There are 2 protein chains.
Amino acid sequence: MPNAMGDALDTIAAETVRQPLAERRLLHESAVDRLRDMIVQGVLTPGTKLNERALCEQLGISRTPLREALKVLSTEGLVALQPNRGAVVATLTEDRVREIFAVMGALEALAGELACRNMTADQLNEIRALHYQMLAHHARGELAPYFRCNQEIHLAIVEASGNATLVASYASLNAHVRRARYMANLSQARWDQAVAEHEKILDALGRRDAGPLQDLLKNHLGAKLTVVLAALGALADNAKETADAAYD
Amino acid sequence: MPNAMGDALDTIAAETVRQPLAERRLLHESAVDRLRDMIVQGVLTPGTKLNERALCEQLGISRTPLREALKVLSTEGLVALQPNRGAVVATLTEDRVREIFAVMGALEALAGELACRNMTADQLNEIRALHYQMLAHHARGELAPYFRCNQEIHLAIVEASGNATLVASYASLNAHVRRARYMANLSQARWDQAVAEHEKILDALGRRDAGPLQDLLKNHLGAKLTVVLAALGALADNAKETADAAYD
DNA sequence: AAGGCCCTTTTTGTATGCAAACTGCTGCTC
DNA sequence: GAGCAGCAGTTTGCATACAAAAAGGGCCTT
């Protein structure tokens with residue numbers, strides 16, 4: 001045994017230099033994922049100028065895969081490309097949020113209908129499990145984990161439709177509004193109500209009762225829209241104040 | 001006047017060397033458009049391997065913008081990227097077509113509802129004009145122009161919803177099925193029936209009668225699905241025969 | 001002092017170069 | 001003869017190089 005640390009070092013080297021089994025991901029793909037996360041989680045706020053050189057350094061890649069990633073995010077709508085003038089994080093206007101929610105409403109309604117028809121018992125159980133996990137976060141007042149659970153439930157319902165195209169469309173639109181959602185400051189009353197709505201949704205799902213489920217989903221989404229718009233307004237006000245402060 | 005041809009030559013030079021006012025489009029953008037057209041119109045058939053060097057030559061660009069275009073088309077779902085193994089035109093399975101039609105059904109239903117509420121008189125008139133143009137093509141038995149008109153009408157209805165997000169989602173999905181649509185061989189009976197359905201759709205639109213309109217759109221799309229699936233089956237059979245012939 | 005012009009610097013868009021991965025073929029082994 | 005190792009050629013993924021466009025800044029003009 002020449003070196004007790006040999007194994008550990010080899011492991012690290014294998015992970016950093018070359019992933020043998022993990023089938024090393026392509027640079028532009030991981031760049032897309034990382035940038036998307038940064039945008040959705042609000043690290044990169046709407047309107048932020050995306051300097052290629054700076055992002056390259058931050059991600060440790062060259063401009064070629066970065067630019068490919070920006071093109072992808074642009075077709076996803078999260079980034080706006082201005083010819084010869086670079087990329088900026090797409091802004092979210094109130095109108096656009098309303099548009100997105102309208103489309104998501106149609107998609108969720110379809111998902112609910114299909115889920116009632118196609119959902120497996122396992123899928124239903126998983127949704128139930130996520131629901132109880134969410135209840136726990138609600139009881140403890142843990143907002144961020146609650147949001148994550150909440151998202152997973154909605155995604156699980158859409159996935160239970162068994163329609164991959166629907167899942168992709170829904171996920172793409174969802175990424176846009178999640179940006180605003182992360183900074184939503186739920187009142188306790190609205191939070192409690194949202195949980196109650198989820199209870200009813202789960203109930204309808206369990207009975208595979210498509211009609212009422214669609215109505216419940218629609219109302220739930222409508223309430224979410226109100227919350228998101230409020231968050232968006234608050235955000236805009238903050239930005240305005242900051243801008244005003246610059247003039248003081 | 002030193003040279004009578006001077007103006008013409010200058011014009012050509014200006015167009016080929018540098019577009020001054022037309023704000024020369026970016027190479028990767030036009031590449032996306034050209035490749036998308038080739039895929040949708042069936043020049044590049046599903047499963048075709050996309051060799052970068054060959055496409056570069058064909059489009060007269062280098063690999064960088066071409067690869068950016070492939071990434072974009074991949075996120076649109078029209079091509080599939082195989083890491084380290086290149087890109088192929090995405091295949092259209094029957095299941096996938098059914099999925100797409102299910103989602104498009106939900107989107108068209110929403111579009112119909114919103115159009116009844118938001119459509120301007122001008123938009124309705126434009127749809128009427130397109131409809132009559134389509135009737136002319138039907139009367140003359142001109143299939144390809146009929147399809148184009150047909151597409152434009154459906155897109156115009158979605159646009160009349162006033163929801164840009166809805167338009168984008170619809171257009172993206174529509175690109176996929178248009179591939180199959182181009183090779184659909186409509187029977188005269190089905191063709192006549194489709195025109196009759198359009199007549200009713202236009203009527204409901206004119207009355208801004210959302211409920212019946214949604215039903216009509218849904219039935220119309222269901223009939224289209226049948227036609228597309230038949231075309232897809234015929235295509236698959238052709239491919240199979242060709243493959244079989246190779247063994248003779 | 002305000003505005004515009006020109007020059008420098010930065011940034012973007014595209015082409016090219018290079019290394020790793022894949023493909024296909026030859027020849028060897030069993 | 002089937003199958004596999006190994007090598008040559010091709011293709012992909014990424015980095016870099018270069019040119020055109022935009023942004024910034026100083027100087028001059030008015």
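Predicted model, so just to flag it, every value in this text is computed and none were measured. Just so you know, these numbers use all the heavy atoms, side chains as well, and skip hydrogens, waters and symmetry mates.
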Any residue meeting side chain to side chain donor-acceptor pair (under 3.5 Å) with Asp33(B), in chain and number order, not counting sequence neighbours = Arg25(B), Arg36(B)
Could you tell me which residues satisfy salt bridge (Lys or Arg N to Asp or Glu O under 4.0 Å) with Arg53(A), sequence neighbours excluded, listed by chain and number?
-> none
Not counting sequence neighbours, which residues clear salt bridge (Lys or Arg N to Asp or Glu O under 4.0 Å) with Glu52(B)? List them please.
-> Arg63(B), Arg67(B)
Measure the distance from CG on Leu26(B) to P on dA20(D) and round it to the nearest whole Å.
-> 15 Å
Please give, in whole Å, the distance from dA22(D) P to Asn84(A) CG?
-> 5 Å
Scoring nucleotides 5-10 of chain C by protein non-hydrogen atoms under 4.0 Å (B base, S sugar-phosphate only, - none) yields ------
Any residue meeting side chain to side chain donor-acceptor pair (under 3.5 Å) with Gln133(B), in chain and number order, not counting sequence neighbours = none
Please list, chain by chain and in numerical order, all residues satisfying side chain to side chain donor-acceptor pair (under 3.5 Å) with Thr165(A), sequence neighbours excluded.
-> Arg96(B), Glu99(B)
State whether Lys49(B) places a side-chain N or O below 4.0 Å from either non-bridging phosphate oxygen (OP1 or OP2) of dT12(D).
-> yes
Taking all heavy atoms of Val88(A) and all of Lys49(A), pick out the closest pair and write down the distance.
-> CG1-CA, 3.9 Å
Listed partners of Arg85(A) passing side chain to side chain donor-acceptor pair (under 3.5 Å), at least two apart = none
Whole angstrom value for the distance that separates C1' of dC14(D) from CD of Glu29(A) = 14 Å
Sorted by position of nearest nucleotide on DNA chain D, 5' first, the leading residue of Leu27(A) and Pro83(A) is Leu27(A)
Return each pair, listed once, that meets salt bridge (Lys or Arg N to Asp or Glu O under 4.0 Å) where at least one residue sits in residues 224-233 of chain A; pairs must be two or more places apart or across chains.
-> none
Between Val103(A) and Leu110(B), the two heavy atoms sitting closest are CA-CD2, 3.8 Å
N or O in side chain of His28(A) less than 4.0 angstrom from dG13(D) OP1/OP2 = no
Quantified as the angle between the terminal helix axes (five pairs each), what is the overall bend of the helix from dA1(C)-dT30(D) to dC30(C)-dG1(D) to 10 degrees?
-> 10°
Residues touching DNA chain C, which here means a heavy atom under 4.0 Å, drawn from residues 53-78 of chain A | Arg53(A), Arg63(A), Arg67(A)
With sugar-phosphate meaning primed atoms plus P, OP1 and OP2, does Leu50(B) contact a base, only sugar-phosphate, or nothing at under 4.0 Å between heavy atoms?
-> sugar-phosphate
Tell me, please, which residues at least two apart from Glu152(B) pass salt bridge (Lys or Arg N to Asp or Glu O under 4.0 Å).
-> none
For Asp95(B), the salt bridge (Lys or Arg N to Asp or Glu O under 4.0 Å) test, sequence neighbours excluded, returns none
